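Note that the coordinates shown come from a computational prediction; the quantities given were computed from them, not determined experimentally. Order of the sequence lines fixes the chain letters, A, B, ..., with proteins taken first and strands second; residue numbering starts at 1 for each chain.
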Amino acid sequence: MDLDALLLSRLQFAFTIAFHILFPAFTIGLAAYLAVLEGLWLWTKREAFKVLYLFWVKIFALSFGMGVVSGVVLSYQFGTNWSEFIRLTGGVIGPLLAYEVLTAFFLEASFLGVMLFGWKKVGPKLHFASTVLVAVGTTISAFWILSANSWMQTPQGFQIMADGRFEATDYMQVIFNPSFPTRLAHMLLAAFLTTGLVVGGVSAWRLLKDRAAGVKTEGWSESRISLVMAVGLIAVLAPLQLVVGHASGEVAHKYQPSKTAAIEGYWETRADQPLHLFGIPDRNAQKNHFEVSIPGVGNLIQGVPKDEVIKGLDSWAREDQPPPFIPFFGFRIMVGLGLLMIGLGAWGAVLIWRKKIFDSPLFLRFAVLMGPAGFIAVLAGWMVTEVGRQPWVVYGVLKTRDAVSPVIASQVATSLIAYVLVYSVVFTAGAIFILRLMAEGPVAAVTAPSPRGQRSPGTPLAKAPEDTTPGRPDRVPGDPK
Amino acid sequence: MNLDLQLIWAGLIAVSVLLYVTLDGFDLGIGILFPFAKSPGERDVMMNTIAPVWDGNETWLVLGGGGLLAAFPLAYSVLMPALYLPILLMLAGLILRGVAFEFRFRARNRGRKFWTQMFSGGSILTAVAQGLVLGGFIQGVTVRDDRFAGGQFDWLTPYTLLVAAGLVAGYALLGGAWLMMKTKDNLHGDAKRWTRISALIVTGLLAAVSVATLLIHPRVAARWGFDLHDGFALELAKLLPLLPIPLLGLIGLGIVFVMSRKGSHRWPFVGAILVFLSGYLGLAVGFAPYIVPYALNFRQAAAPDNALGLMLVGTAAILPLILAYTAWVYWVFRGKIDEEAGYHH
C-alpha cells in the first residue's frame, strides 16, 4: 500500500466533502423555509411572502445546483479512492446509499424542475406541493447519509465473514445505530440554524442599508418579516441545539471514548477529570501545552459521577489515538459559535418583545456578522466527528489505511489538483452570484428592471408583459422593449 | 418465493445505465451542439428545452453508480480505481455542465460567454470521458485477488478513443433529434441539419466500433459466432439469433434519415433512441455475464442476498413512483419551446 496515496486521498476527501457539506447545510433549511413562505403566501395572499419566496428561491437554485454537482463527486469517490472500504463494507452500507438515491435524489431533482420553471405550467397548489416535496427530499437525504455516517462511527448489526467482507445481520440495527438519532437531530438543527443565520444576516444587512440611506420603512417590509422569522427560529433552535449536541456528545463518550478524550484534551485516564477550556494538544509530548482548565467539573460536563474513571488518550497505543488538535479546537469553535447563536436568539427575542428590533443598529450588525456562523460551526463540527473517529474509518473495526484504493500517489495528486482548480472556479463564481443577489435584495430583484445589457437577449422575459409574474424573477422585465 | 436477486439487480443496473445514457444523452448532446448554434438566443432556447429535466436525468447516473456500489460492491471497488482518471474527467465535466445551467443565466457579459463555453466544454468532456469509461470497460480490466491490478492508463487505447468518438456523435444525434422535437422555425431547421449530419457520422463510427469490438477480444467475437483466431470462420447458428440487434440500429438510422426528410418532428428522436438501444444491447451481448470484463461475473461480485433483498423491496415500491413523477414532469414541460414561450416566466 502506498502511504502517500492514502494521505492524498484523505486530503481529497476532506476537501471535496467540506465544500459539499456547505450546500446541504444551507439548502435543507432553505427548502423548508421556501415551503413555509409559499404556504404563507397561499394562505394569507400577502405579497411580501411572494417577494421573499422569489428572492430566496434564486439563491436556493444556485446553492442546490452546487450541492448536486459536488455530491455526485462524493458518490464516485467512494470507489475511486476508497475501494477497499466499499469492497469490504459495501454489503452493509451500500443499501443505505442506494435508498438515498431512490427516496431522495429523484424526488429533489424532479420536483426542483417544477419548482423553478413550473410557475405557469402547474397551478399554485401543485407548485406548492413541488416545493414541499423538494424540502422533504432534502430531509430524507439527510436521514440516509447520516445513518451511513453514524454506522461508521458506531457500527452494529453486522458480522465479518471469513474473507474479511462485512455482512449485515440486522439492517434495523445498522440503520438505527446508537449515534444515529442524536446525530441526525444535531445535523438537521444545524442546517436550520445555518439557514436562519443567513436569512437573518441578509435581512439585517438590508435594514441597515435602508437606515443608512435614510429610507423610512413603516410596518412589515419584506426584510423585517424575514428578520423576525429568522430570529424567532434561532431563539428556539439554538438552545435546543445545545441540548441535542450534548446528547450527541454523551453517545460519543459511551461508544467512541477515544474521540471524547481527543475533544476534551484528556491524556490521562482518571476519575474527576478537569475541563480544559484551552490548550495546545501535543501528540509527541502526549500532553497539552498552555492549559487553561477548571478542575473538578469535567465529569459533570460528561454527565457522569465525579468518581467515575474517564478514559484519557493514554488508554490507547499511540497509533490508535485520533490526532487531537482538530477535534480539540474544532469542538471549541463549534460550541463557541453555538453559544453566540443562543445569545443572538435571546437578544433578538427580547428586542422583538420590546418592539425595538428594527431600531437597534448594534443588534442588526451582530446579526450580519453571525450570517456565516452556521457554515463555520457545521464545518468545525464535522471535522470534530470525522477526525475524532481516526485512525478508524469504521470505528474499532476497519482502519482508514486499510480502506484506500490500490491507486498510486501521482494519480491522486492529479485528481486533487483538478478538484482544487475546478472547485475554485465554480465555487468562487457561485459565491459571487449569491452575494450579488443578496446585495440586490428581495424587492429590487423582483420589481426593479435590470440594465438591458445584463439580461440575456432573446430570453423569454425580454418580451414578457409588465406584471411581475413569478418564475425566474431575476429577469422579470421592467424596461420597454 | 425464490427470486434470482443477483440477476434482477444486474438487470436493474443495466436498465438504469441505459436510461441514463438515453436521457442525459440528449442533455449532453445539446452541450455538444452548442458551438454550432447561430446566436445566443438560440443557445438560450436550446438550454431551456432541458433546464427543468436535466437534474432528474443525471440522477440515473447516480442510481447506476450507487446501485453498482450497493448491489455489486466488488465490481464497483475494482472498476472505479481501474477507470480512475476518466471518472475524474467525467465528474469535472458534469460539475461544469451542471452549474452552467444556473450560472449562465446569472452571469453578465463576459461571465456569460465563459459559462456558455463551460456548458459546452463540460458536456463534451463528460461525453468523451464516458466513452473512455465504456471503452475501457469493454476491452477488459486486469484483476488479481479481487482488486484492480492494471496500470493507470489502461483505459487509453485507440479502441477507447474510437468508442469515445462514437459516443460523442451518438449524444449529438440524440440532442439534435430532441431539439427537432422541442423547437420550431430556424432552430428546428438547424437541429434537423445537425441530426442528419450526426446520424451520418454515427453510421460510420458505429460500424467501426462494431468491427473493432469483434477484434478486441476473442470472447466477444465468439459470442457473435466469429472465429478470428485462425483466418475467418463464421458460425451462423450463433450469429442469426443476435442479428435483430444490429438490425434494430439500422432501422433506427433509417427512421432518422427518412422521417427527418419527410418533415417529422418526433420520429427522428425515436429513431435515435433505437440506435442507442441497439448499440447498448450489442455491447452487452459481448461482455455479459461479466460485470468486470473479463474477470468477474455478476454473481461473483454480488452483495449478500439480504442486502439485495432489502433494496429490492424499496425499489419495487419506489421505482414505479419515480417513473410516474418523472413522466409527469416531462408532461408538464411538454411541447415546443421558443424565444417567446420559454420557461423563464
Side-chain angles (χ1 to χ4, degrees), chain A residues 61-62 65-66 68-69 72-73 75-76 78-80 83-84 86-87 90-91 94-95 97-99 101-103 105-106 109-110 112-114 116-118 120-122 167-168 171 405-408 411 414-415 418 422 426 429-430 433 453-454 456-461 463-464 469 471-472 475, chain B residues 40-41 44 51-53 55-56 59 62-63 65-67 69-71 73-74 76-77 79-81 84-85 87-88 91-92 94-96 98-99 101-103 105-106 108-109 112 146-148 152 303-304 306-307 310-311 314-315 318-319 322 325-326 329 332-333 339-345:
Chain A
L62 280 164
M66 287 189 277
V68 167
V69 295
V72 175
V73 169
S75 67
Y76 277 84
F78 285 133
T80 51
S83 65
E84 282 295 288
I86 295 302
R87 186 179 74 82
L97 301 174
Y99 265 96
V101 184
L102 284 169
T103 57
F105 289 168
F106 278 108
S110 301
L112 180 76
V114 180
L116 297 182
F117 303 99
K120 284 207 163 170
K121 303 269 174 184
V122 299
E167 266 195 39
Y171 275 108
S405 294
V407 288
I408 55 177
Q411 261 178 305
T414 308
S415 60
V422 172
V426 166
F433 291 133
Q454 289 172 13
S456 52
T459 47
L461 286 164
K463 293 168 190 159
T469 318
R472 299 278 292 233
R475 262 161 280 107
Chain B
D44 289 345
V53 292
D55 195 357
T59 307
V62 184
L63 183 65
L69 183 162
L74 183 55
Y76 180 84
S77 71
L79 289 172
M80 294 298 143
Y84 191 93
L85 291 173
I87 295 270
L88 166 74
L91 294 171
L94 285 173
I95 292 175
L96 294 172
V99 296
F101 278 99
E102 280 300 317
F103 287 8
F105 281 116
R106 203 59 62 193
R108 295 170 188 172
N109 309 324
R112 193 172 173 76
D146 285 350
R147 290 172 186 87
F148 171 60
Q152 60 170 325
N306 64 347
L310 175 72
M311 290 191 294
T315 308
I318 301 162
L319 199 60
I322 292 174
Y325 65 62
T326 302
V329 170
V332 165
F333 295 103
E339 295 191 7
E340 326 248 327
Y343 294 133
H344 289 242
H345 61 138

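- Between Phe333(B) and Phe117(A), the ring planes are perpendicular. Angles over 60° get that label, and only those under 30° would be called parallel.
- Contact of Ala418(A) with chain B is made through the side chain alone, with heavy-atom distances under 4.5 Å.
- Using a 4.5 Å cut-off between heavy atoms, Tyr76(A) contacts chain B through both its backbone and its side chain.
- Contact count against chain A (heavy-atom pairs under 4.5 Å) is highest for Asn306(B) among Val99(B), Asn306(B), Val62(B), Thr315(B).
- With chain A as the partner, the residue from Pro73(B), Ser77(B), Gly314(B) showing the most heavy-atom pairs under 4.5 Å is Ser77(B).
- For the atom pair CG of Asp146(B) and CD of Glu84(A), the computed distance is 9.0 Å after rounding to the nearest 0.5 Å.
- No donor-acceptor distance shorter than 3.5 angstrom exists from the side chain of Thr80(A) to the backbone of Tyr84(B), with no hydrogens or angles considered.
- Here Ile408(A) contributes atom CD1 and Gln152(B) contributes atom CD; the two are 3.5 Å apart, rounded to the nearest 0.5 Å.
- Using a 4.5 Å cut-off between heavy atoms, Val422(A) touches chain B through its side chain atoms alone.
- With chain B as the partner, the residue from Gly113(A), Gly79(A), Gly90(A) showing the most heavy-atom pairs under 4.5 Å is Gly79(A).
- Closest approach of Ala70(B) to Pro95(A), counting heavy atoms only: CB-N, 3.9 Å.
- When heavy atoms are compared at a cutoff of 4.5 Å, Ile87(B) approaches chain A solely by way of its side chain, counted from C-beta outward.
- Both the backbone and the side chain of Leu102(A) come within less than 4.5 Å of a heavy atom of chain B.
- In terms of heavy-atom proximity, Arg112(B) sits nearest to Phe105(B) at NH1-CA, 3.9 Å.
- Using a 4.5 Å cut-off between heavy atoms, Leu97(A) contacts chain B through its side chain alone, with no backbone atom that close.
- The CG atom of Asp55(B) sits 9.5 Å away from atom CG of Leu116(A), with the distance rounded to the nearest 0.5 Å.
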Begin from the C-alpha positions of Ile318(B) and Phe106(A) and carry the test side chain to side chain contact (heavy atoms under 4.5 Å, CB included) through to its verdict. CA-CA 10 Å; Ile318(B) 301 162; Phe106(A) 278 108; over 6 Å; no

CA sep, side-chain torsions, deciding dist, call: Arg87(A), Arg147(B), side chain to side chain contact (heavy atoms under 4.5 Å, CB included): CA-CA 9 Å; Arg87(A) 186 179 74 82; Arg147(B) 290 172 186 87; 2.6 Å; yes

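- Between chain A and the options Ala92(B), Pro81(B), Pro304(B), heavy-atom pairs under 4.5 Å are most frequent for Pro81(B).
- With respect to chain B, the highest number of heavy-atom pairs below 4.5 Å among Phe105(A), Phe78(A), Tyr171(A) belongs to Tyr171(A).
- Contacts between Ile95(B) and chain A at a heavy-atom distance below 4.5 Å involve backbone atoms as well as side-chain atoms.
- No other option in Thr414(A), Thr103(A), Val73(A) has as many heavy-atom pairs under 4.5 Å with chain B as Val73(A).
- Taking chain A as the reference chain and counting heavy-atom pairs below 4.5 Å, the highest number among Leu79(B), Leu310(B), Val53(B) is found for Leu310(B).
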